[in-house]
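Chain A is the first sequence line, chain B the second, and so forth, proteins listed ahead of strands; every chain is numbered from 1.
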Amino acid sequence: MNRGFLWLGSMKEMNWLQKDISISNEHKEFLKKVKIRKASILIARGFILVAFFALWELMAALKLIDSFITSQPSRIIDTLASLYREGDLFYHTGVTCFETVIGFLLGTVTGTVIAVVLWWSEFLSKVLEPYLVVLNSLPKIALGPIFIVWIGAGPSSIIAIALTISLIVTILEVLNGFISVDQEKIKLVRTFGASRTQVLMKVVLPSSYPVIINALKVNVGLSWVGVIVGEFLVSKAGLGYLIVYGGQVFQLDLVMTSVLILSIAAALMYQGVVYLEKALVKSGKHTAV
Amino acid sequence: MYTGEAYFCSGTQKSPNFSFTVYPTKLYTVLYIKTITQQVRRIKGTGLMSRAVKLAGLGTEDGILGAIVEVHNLGMKYHSLNGEVTALENISLTVEEGEFVSIVGPSGCGKSTLLSLIAGLLHPTEGSVIVGGRQVTGAAHQVGYMLQKDYLFEWRTIFENVILGLEITRTLNNAARDRVLGLLETYGLLEFKDKYPNQLSGGMRQRAALIRTLAVDPQILLLDEAFSALDYQTRLAVAEDIYGIIKRENKTAILVTHDIAESISMADRVVVMTKRPGTIKRFYSISLTCDRKTPINCREAPEFRYYFNKIWRDLDIHV
Ligand SMILES: Nc1ncnc2c1ncn2[C@@H]1O[C@H](COP(=O)(O)OP(=O)(O)OP(=O)(O)O)[C@@H](O)[C@H]1O
Ligand SMILES: [Mg+2]
């Protein structure tokens, strides 16, 4: 009955509810209530989305708002279609997504590697602590122009900006995760004569999985910011470029369309990380650490 | 039955200081004659040492024959910015092969420190620890350590948890794998081997932790309040269970506990420590009359209360 409204995540629970049969009436009643509640949440969510766009369209059609400034759903669809026809849709979306994925993967991996190094050498981590704190509070966007001068106006600078934005926070988060690993677990492997590498591989890294995944989630968001700002500054392609260009030539249809694509792409990428997390952290393997 | 010469296995390669091995262990000689044949197989001491002991007229039939852990004048200080803490002072203790020794003492008197020193996780400020005839210089896998909680890794299955020690010591081969499977089977965990720790009860988890320790085939087990994270009922059952396993596997054990009754019910000997700086206050050889020596049966023994009161008074606990 509520098919079509299934939002990611709710699907599994619904199936599970349907499977349970041989149970008492009271329990059936309870399950039914849960099911109805879930369905109403989904319906309400869908309703807000539909109502928002319907209202927008209606107000533009009735000239209550100026669709030259606010654009309008039907015009967004037209813009999408023409972008698609000219082959621009996937090109620009692809460029931005590529830069973002590379940015956040590099940020997470490099940050984790640096965190390992700092975990290894407490001396180094103490020495670098104030620098990390300062760098962490610095708005990394401010470094944009420097990268452009150094690396050149192109995707590399954009990726560099995205990477810098997530790097420091990853280092701090992951290092913190490493340090807060239960000392007794480390003691346990040390009783077997574990070397420092083994302590890292057998205890510290696996216990910090959730922290790293969390960093990944945060970094997706941060990398989008980095990439869009980067594209504002230099690029000749990408959604950020379309937004800036649309703004400059007063083509709000293009701006709105790009923002819409951007929000869908960002949501999908976030769900991708959530999915990755689920795949890695199967069936309660990782309870809270 | 036993006729060889020089089964003395307490030598260290470097230090020629032998005066230490001569104390209370004599009392236990008789009991451990039966383990001598086992001893013969693993002599690691220098022949020189045994000859020296003979010359000194100490004889080879001393209790020292079966000594597997020897702690000599051990002292341990911790340093921190707030100053220096003397955790242990002048601790001397010998544990015989196959013996079960309990250590009780006030909080913070250095019990865990003592176990860490025996396991080679810490280096003593003074004195030395000899395990199986060798001076302890770092973590060695002839010593198995059980901590207060089971610390099974939640990202590993029970089987993967149990082979952790084998992985770390790089001794995971087919024979070892079979042995571990055998242990899991004997102790009723085989069907859970692919489950994750959070799918097991507290008692089963503690048992899995013990098998993880036994997997590397240690000669000595150190149990640091190994049962205290469990509720009282489970605790009695788990203590009974673990005791049975330790005895069946013929392991030597040193148990640290706050529970006087637990210490008496499991041990052949109870060591009472003073408060910080920890020293040894008294040894009690426990001999209880009960049919089958298990912790729960032991609690029924008529002498139980006697030991309990003695140790309670020794601990001198004020509220
Ligand atoms: N790493 C350390 N640095 C400084 N002091 C320490 C350290 N570890 C232990 N101590 C101190 O040494 C003393 C002995 O500690 P230990 O943990 O061995 O005692 P314990 O007998 O096991 O105590 P409990 O019964 O509470 O487990 C304590 O007073 C403790 O504060
Ligand atoms: Mg302790």
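For the pair A/Ser207 and B/Phe153, the minimum side-chain heavy-atom distance is 4.5 Å or more. When side chains are defined from C-beta on, B/Arg212 counts as touching A/Leu188, because their heavy atoms get closer than 4.5 Å.
Both the backbone and the side chain of A/Glu184 come within less than 4.5 Å of a heavy atom of chain B. At a 4.5 Å heavy-atom cutoff, the contact between B/Glu167 and chain A is made by backbone and side-chain atoms alike.
The two residues B/Ile168 and A/Phe192 make their nearest non-hydrogen contact at CG2-O, 3.7 Å. Pairing each heavy atom of A/Lys187 with each of B/Tyr145, the nearest pair is NZ-OH, 3.4 Å.
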For a quick test of your reading: what N or O donor-acceptor pairs under 3.5 Å do the side chains of residues 115-124 of chain A make, sequence neighbours left out?
| unit_1 | atom_1 | unit_2 | atom_2 | d |
| --- | --- | --- | --- | --- |
| A/Ser121 | OG | A/Leu124 | N | 3.0 |

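Listed by sequence position, B/Ser116, B/Leu121 are the residues of residues 111-124 of chain B in contact with chain A, using a 4.5 angstrom heavy-atom cutoff.
Around CE of A/Met201, the count of heavy atoms belonging to other residues, nucleotides or ligands within 6.0 Å does not exceed 12. Counting heavy-atom neighbours within 6.0 Å of A/Phe30 CZ, excluding the residue itself, gives a total of 12 or less. The environment of A/Glu26 atom CD is sparse: at most 12 non-hydrogen atoms of other residues, nucleotides or ligands sit within 6.0 angstrom. Dense packing is recorded around NZ of B/Lys247, with more than 12 heavy atoms of other residues, nucleotides or ligands lying under 6.0 Å away. Atom CZ of A/Arg190 sits in a sparse spot, with 12 or fewer heavy atoms from other residues, nucleotides or ligands closer than 6.0 Å.
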| task | In sequence, state the C-alpha distance, the side-chain angles, and the governing distance for B/Lys149 and A/Lys185, and then conclude on side-chain contact (heavy atoms from CB on, under 4.5 Å). | result | CA-CA 10 Å; B/Lys149 290 199 229 145; A/Lys185 280 185 179 162; over 6 Å; no
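Atom CG of A/Leu205 is separated from atom CH2 of B/Trp155 by 10.0 Å, given to the nearest 0.5 angstrom.
Heavy-atom pairs under 4.5 Å with chain A were tallied for B/Gly165, B/Pro197, B/Gly138; the largest tally goes to B/Gly165.
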